[in-house]
Amino acid sequence: MAIVETRHLTKQYRRGGPSAVDDVSLRSAEGEFLVFLGPSGSGKSTLLRMIAGLEQPTGGDILIGEQVVTDLAPRDRRIAMVFQSYALYPHLSVRENIQFPLKAQKVPRADHARKVRWASDLLGIGHLLDRRPRELSGGERQRVALARAIVREPSIFLLDEPLSNLDAKLRASAREELARFHKQTGTTTIYVTHDQIEAMAMGNRVVVLHQGLVRQIGTPREVYDEPADTFVATFLGSPPMSLLAVGDVLAGIRPEQLLPAAMVQGTPLRFRFRVTNVEYLGSERLLYGKLEGSRFGDQTVVSRVAASAAGDFSEGTAHDFAVDERLVKLFDKTSGKRITSRPLAWTA
């Protein structure tokens with residue numbers, strides 16, 4: 001295992017142009033599952049590729065295991081990378097695909113069979129060793145790519161959206177397999193995704209990136225419950241946090257926090273909520289509507305209500321709703337940054 005650290009890491013593809021990665025400094029914990037999360041173009045894959053040695057930084061340094069590796073070739077960094085495409089050799093068997101890095105590293109041939117069996121058994125693909133990639137499902141190919149990575153026994157795993165080619169059902173099971181695999185190996189892992197569910201489900205910590213900048217680093221609970229700015233608040237969550245203008249601040253309310261008034265404890269802020277649209281999702285309903293006559297004006301908000309909740313929440317109906325004031329997050333309207341102290345007149 002090893003710690004990955006970046007110090008003021010920057011990447012510009014054109015001199016004087018915008019930075020794909022902009023002054024990023026972060027440090028993993030040893031054995032951590034660290035997730036880079038952000039939309040397309042946020043710089044997450046570029047950051048990963050620089051750590052892997054596949055992109056040269058414009059500025060800054062990369063350390064692995066306290067050693068500066070900024071100018072080292074990928075093969076000298078003791079990392080293993082799994083790509084979105086898996087990049088399996090179609091003319092080779094599963095056994096030969098897993099064995100390939102051992103040949104490249106000139107590992108003694110006598111050790112190949114033992115290492116291949118260890119990696120394949122760890123991922124439950126020992127029965128597939130004589131098949132070709134075209135004979136495998138998407139989930140099986142993903143596990144072969146992982147086996148090929150771990151057979152080298154690297155100090156760092158780098159995973160670049162490895163589940164994005166799988167359907168929804170396979171993605172769910174593959175997330176569970178990856179989490180179990182990480183617990184078994186304990187190897188420091190950096191995982192890139194645009195999928196917040198993957199990030200929240202698997203990450204020990206999440207690095208939220210946008211336009212090359214780190215917007216927040218924290219546990220899944222921290223980045224969801226205590227967003228650092230309006231980008232993090234609205235990127236995480238489906239539906240995202242509703243942001244309502246109140247004077248010179250924005251008030252953020254998660255859909256699951258805006259509920260029928262009788263269900264709200266604590267210090268309730270009460271509203272008359274008129275439903276304009278309903279989405280029935282089986283176990284729950286998403287209610288879109290307006291807070292009538294409120295200090296928030298004519299702004300659309302979303303409420304997530306259990307399907308079992310009593311009440312007729314059909315379109316056009318109005319109800320007494322509330323939110324616990326302590327759960328409302330406040331942001332500066334100009335900068336978007338989180339406000340931790342509460343202005344006296346924010347609810348006026």
So if I apply the side-chain contact (heavy atoms from CB on, under 4.5 Å) rule between Lys11 and each of Leu47, Thr46, Val24, which one comes out positive? Thr46

Assign the ring pair Phe321 / Phe313 to parallel, tilted or perpendicular, where the plane angle (0 to 90°) is split at 30° and 60°.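 Judged by the thresholds at 30° and 60°, the geometry between Phe321 and Phe313 is perpendicular.
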
Give me the ring orientation class for Phe231 and Phe235: parallel if the planes are under 30° apart, tilted from 30 to 60°, perpendicular past 60°. parallel

Does any donor atom in the side chain of [X] or [Y] lie under 3.5 Å from an acceptor atom in the other side chain?
| X | Y | value |
| --- | --- | --- |
| Asp22 | Gln12 | no |
| Lys290 | Thr300 | yes |
| Ser93 | Asp130 | no |

Face-on cation placement of Arg254 at Tyr224 ring, 6.0 Å and 45° thresholds: yes

If every non-hydrogen atom of [X] is compared with every non-hydrogen atom of [Y], which pair is closest and at what distance?
| X | Y | value |
| --- | --- | --- |
| Val264 | Val323 | CG1-C, 3.9 Å |
| Ser314 | Val275 | O-CB, 3.7 Å |
| Lys329 | Asp225 | CE-O, 2.9 Å |
| Tyr280 | Ala307 | CE1-CB, 4.1 Å |
| Pro101 | Val151 | CG-CG1, 4.2 Å |
| Ile64 | Ala2 | CG2-CB, 4.2 Å |

Is atom CD1 of Ile197 surrounded by more than 12 heavy atoms (other residues, nucleotides or ligands) closer than 6.0 Å? no

Would you say CD of Gln265 has more than 12 non-hydrogen atoms from neighbouring residues, nucleotides or ligands within 6.0 angstrom? no

Among Arg272, Arg270, Arg274, which residue satisfies the salt bridge (charged side-chain N to carboxylate O under 4.0 Å, His left out) criterion with Asp320? Arg272

Pick from Arg215, His210, Arg338: which one makes a side-chain hydrogen bond (donor to acceptor under 3.5 Å, both in side chains) with Asp229? Arg215

Which distance, rounded to the nearest 0.5 Å, do you find between the [atom1] of [X] and the [atom2] of [Y]?
| X | Y | atom1 | atom2 | value |
| --- | --- | --- | --- | --- |
| Asp248 | Ile339 | CG | CD1 | 7.0 Å |
| Thr188 | Ile156 | OG1 | CD1 | 4.5 Å |
| Met50 | Ser45 | CE | OG | 11.0 Å |
| Arg141 | Leu146 | CZ | CG | 15.0 Å |

Go through the steps to decide whether Glu176 and Lys183 satisfy the test salt bridge (charged side-chain N to carboxylate O under 4.0 Å, His left out), and finish with yes or no. CA-CA 11 Å; Glu176 182 183 357; Lys183 288 177 183 176; over 6 Å; no

I'd like to know if Lys115 and Asp111 make a salt bridge, using a cut-off of under 4.0 Å between side-chain N and carboxylate O. no

Transitively linked via ILVMFWY side-chain contacts under 4.5 Å: [X] with [Y]?
| X | Y | answer |
| --- | --- | --- |
| Leu236 | Val302 | no |
| Leu129 | Trp118 | yes |
| Leu330 | Leu258 | yes |

Is there a donor-acceptor pair under 3.5 Å between the side chain of [X] and the backbone N or O of [Y]?
| X | Y | result |
| --- | --- | --- |
| Arg77 | Leu72 | yes |
| Thr189 | Phe157 | no |
| Ser25 | His8 | yes |
| Gln196 | Gly237 | yes |

